[in-house]
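Quick caveat, the model's predicted, so the values are computed rather than measured. Residues take their numbers from the sequence shown, with the count starting at 1.
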Amino acid sequence: MKNHQLAIFCIVLTLISYKSVSQDRILGFSQASSDAQKALEKKFDEMVTPSNLDQWMKKLAARPHHVGSPYGKENAEFMTALFRQWGFETEIETFQVLFPTPKLRSLEMIAPSVYKAGLEEPALKEDVATNQKKEQLPPYNGYSIDGDV
């Protein structure tokens, strides 16, 4: 057999063996742990409906919620309450992280002609959060050094 034929043969064998194992138990789990996990996932799936998902997504995305924002905290508390309601042990941890936010934003072209960008994104009627200027972060490039280019 040539190398590429051997490789294809090995891949096919792996997929066949994976398929037969995955039907009986979750790969990497014992049979008992796999059965317990599948039962837990089934219980969880029964609690989630399309209408719930729609409501939750609208709530979670209703206001800007970047890291460290008040609405980000509100979202975390909402999700924590849901998981506790479903019987999961849940807690919120706080971490102090660096999060670059600009004090001054400027984008200008000085040659061959002069242009100064407005750096404002227009509000979209389809997304009410885009009109919440007090809470949303301004558009900016967060991971580049300061300076002229």
Side-chain angles (χ1 to χ4, degrees), residues 7-110 114-149:
I8 291 170
F9 179 73
C10 289
I11 290 170
V12 169
L13 278 180
T14 301
L15 291 174
I16 290 169
S17 65
Y18 175 74
K19 188 173 183 347
S20 66
V21 168
S22 67
Q23 290 173 349
D24 298 335
R25 66 181 173 87
I26 300 171
L27 190 63
F29 283 65
S30 68
Q31 188 64 52
S33 293
S34 181
D35 293 343
Q37 180 64 29
K38 285 180 179 179
L40 183 63
E41 289 177 15
K42 184 175 190 265
K43 180 182 172 186
F44 181 79
D45 288 345
E46 289 168 355
M47 292 185 265
V48 178
T49 65
S51 65
N52 285 345
L53 294 174
D54 187 51
Q55 286 176 328
W56 298 334
M57 185 57 65
K58 285 178 181 171
K59 178 180 177 17
L60 294 171
R63 291 174 33 208
H65 52 275
H66 56 277
V67 65
S69 70
Y71 201 65
K73 183 176 188 287
E74 218 174 291
N75 279 347
E77 290 167 347
F78 168 72
M79 289 182 281
T80 298
L82 282 177
F83 278 97
R84 284 185 181 148
Q85 175 186 333
W86 298 330
F88 292 93
E89 267 185 48
T90 311
E91 63 183 69
I92 296 175
E93 291 189 42
T94 301
F95 297 91
Q96 301 300 317
V97 297
L98 296 175
F99 182 62
T101 50
K103 292 181 180 177
L104 173 69
R105 300 173 311 119
S106 176
L107 177 62
E108 296 180 61
M109 180 171 68
I110 57 174
V114 176
Y115 171 78
K116 183 171 182 164
L119 300 179
E120 282 291 323
E121 293 181 339
L124 302 172
K125 66 180 180 188
E126 302 87 2
D127 184 358
V128 295
T130 60
N131 200 26
Q132 299 170 345
K133 303 291 184 191
K134 284 186 208 172
E135 292 182 85
Q136 74 183 18
L137 290 172
Y140 69 98
N141 180 357
Y143 296 100
S144 294
I145 62 171
D146 291 342
D148 295 334
V149 179

### Intermediate values then yes/no, side chain to side chain contact (heavy atoms under 4.5 Å, CB included), V48 and W56
CA-CA 10 Å; V48 178; W56 298 334; 4.2 Å; yes
### Task
Could you check L82 against Q85 for side chain to side chain contact (heavy atoms under 4.5 Å, CB included), going step by step and ending with a plain yes or no?
CA-CA 5 Å; L82 282 177; Q85 175 186 333; 4.0 Å; yes
Distance from [X] atom [atom1] to [Y] atom [atom2], nearest 0.5 Å?
X    : Y    : atom1 : atom2 : result
D127 : Q132 : CG    : CD    : 8.5 Å
D35  : L40  : CG    : CG    : 12.5 Å
M79  : I92  : CE    : CD1   : 8.0 Å
D54  : K58  : CG    : NZ    : 4.0 Å
T80  : E89  : OG1   : CD    : 13.0 Å
R84  : E91  : CZ    : CD    : 8.0 Å

Please check if atom [atom1] in [X] has more than 12 non-hydrogen atoms from other residues, nucleotides or ligands closer than 6.0 Å.
X    : atom1 : answer
K133 : NZ    : yes
I110 : CD1   : no
M109 : CE    : yes
K59  : NZ    : yes

[X] side chain to [Y] main-chain N or O, any donor-acceptor pair under 3.5 Å?
X    : Y    : result
R105 : L119 : yes
S69  : H66  : yes
E74  : H65  : no

### Task
Return the minimal non-hydrogen interatomic distance between E93 and F95, and the atom names on each side.
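Result for this residue pair: OE1-CZ, 3.4 Å.
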### Task
Identify the heavy atoms of Y71 and P64 that sit nearest to each other, and give their distance.
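Heavy atoms only, the tightest pair is CB-O, 3.4 Å.
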### Query
Just wondering, do K73 and E77 contact through their side chains at under 4.5 Å, heavy atoms?
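Contact flag for E77/K73 side chains = yes.
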### Task
For the residue pair F44 and F88, categorise the inter-ring angle as parallel (less than 30°), tilted (30 to 60°) or perpendicular (more than 60°).
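Because their plane-to-plane angle is over 60°, the rings of F44 and F88 count as perpendicular.
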